[in-house]
Amino acid sequence: MVIIGYSGHAFVCCGILQAAGKKLQHYCDVEKKSFDPFQLNYLGKELEEVSVAEMKRSGFFIGIGDNNIRKKVYQSLENFCLPVNAIHPSAIISLGVNIADHGVMIAAGVCINPLAKIETGAICNTACIIEHECVVGAFAHIGPGTILCGNVTVGERSFIGAGAVIRQNISIGKNAMIGMGAVVVKDVADNETVVGNPSKKLI
């Protein structure tokens, strides 16, 4: 397999893929890295011919934490090939959860309860809890230890910081940002940033 990106977040993805029994052999990035903890072969940038050929042959995952960049890389490749999912075997995923087929990361210790929906390219980071009937939008990032109570909707490309708690029935718009440890008790609009307990909009 090929991992796209080869630094902090990608290292977490590598660990998940290996725990899931995937054999990682190559990485793509803008340049060859001097730090190579997983002993992978550098292919070059992801759109180079040799990289695309290897991704088609052995599969790949986009290990990029930035939501906008991850989406851009996904879109640049989707006409050639699509990424696998990276789901840690320790994750607890209830029956009736709808997980998109491509580019989803579900890390160690994650709990996803019935009728939740995880869309393409989303990140559910370490030990987050996604309760019943939540929707995590495409290319959103749910941070470590975050709790989404029931019927929460997180819009496309939004970022929920580590340890945040989102009250039930809350809607978070697209490209929003929720600060670490925030307690969200009101809906959050598109492109809005909120922090604190209870959360307030940053001016």
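Nothing fancy with the numbering, it's 1 onward along the sequence.
In this structure, the side chain of R70 engages the main chain of I64 through a donor-acceptor pair within 3.5 Å. In terms of modelled atom types and a separation under 3.5 Å, the side chain of E119 and the main chain of A138 share a donor-acceptor contact. For the pair N85 (side chain) and A100 (backbone), a donor-acceptor distance under 3.5 Å is present. For the pair N151 (side chain) and N169 (backbone), a donor-acceptor distance under 3.5 Å is absent. A donor-acceptor pair under 3.5 Å links the side-chain atoms of S158 to the main chain of A176, judged by distance alone. Under a 3.5 Å cut-off, the side chain of T126 and the backbone N or O of G145 do not form any donor-acceptor pair. Put simply, the side chain of S90 gets close to the backbone of G109: a donor and an acceptor are under 3.5 Å apart. Judged purely by atom type and a 3.5 angstrom limit, H9 has no side-chain atom pairing as donor or acceptor with the backbone of G63. A distance-only check finds no donor-acceptor pair linking the side chain of T193 to the backbone of G179 [under 3.5 Å].
Side-chain contact between Y42 and D36 is absent, with no heavy atoms from C-beta onward closer than 4.5 Å. Two residues are said to be in side-chain contact when any heavy atoms from C-beta on lie closer than 4.5 Å; V104 and V136 fail this criterion. Counting heavy atoms from C-beta outward, L82 and Y74 have side chains that approach closer than 4.5 Å.
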Derivation of the side chain to side chain contact (heavy atoms under 4.5 Å, CB included) call for V110 and I142: CA-CA 10 Å; V110 170; I142 310 302; over 6 Å; no
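For N113, the side chain to side chain contact (heavy atoms under 4.5 Å, CB included) partners are S94, C111, E131, not counting sequence neighbours.
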Atom pairs and distances, donor-acceptor, side-chain atoms in residues 10-29, under 3.5 Å, two or more places apart:
residue : atom : partner : partner atom : Å
H26     : ND1  : N41     : ND2          : 3.1
Y27     : OH   : K33     : N            : 2.9
D29     : OD2  : Y6      : N            : 2.9

Using residues 184-191 as the side-chain source, report each donor-acceptor pair under 3.5 Å to any protein atom, sequence neighbours left out, with the distance given to one decimal.
residue : atom : partner : partner atom : Å
D187    : OD1  : S171    : N            : 2.9
D190    : OD1  : K174    : N            : 2.8
N191    : OD1  : N175    : ND2          : 3.1

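In E49, the CD atom is not crowded: 12 or fewer heavy atoms of neighbouring residues, nucleotides or ligands sit closer than 6.0 Å.
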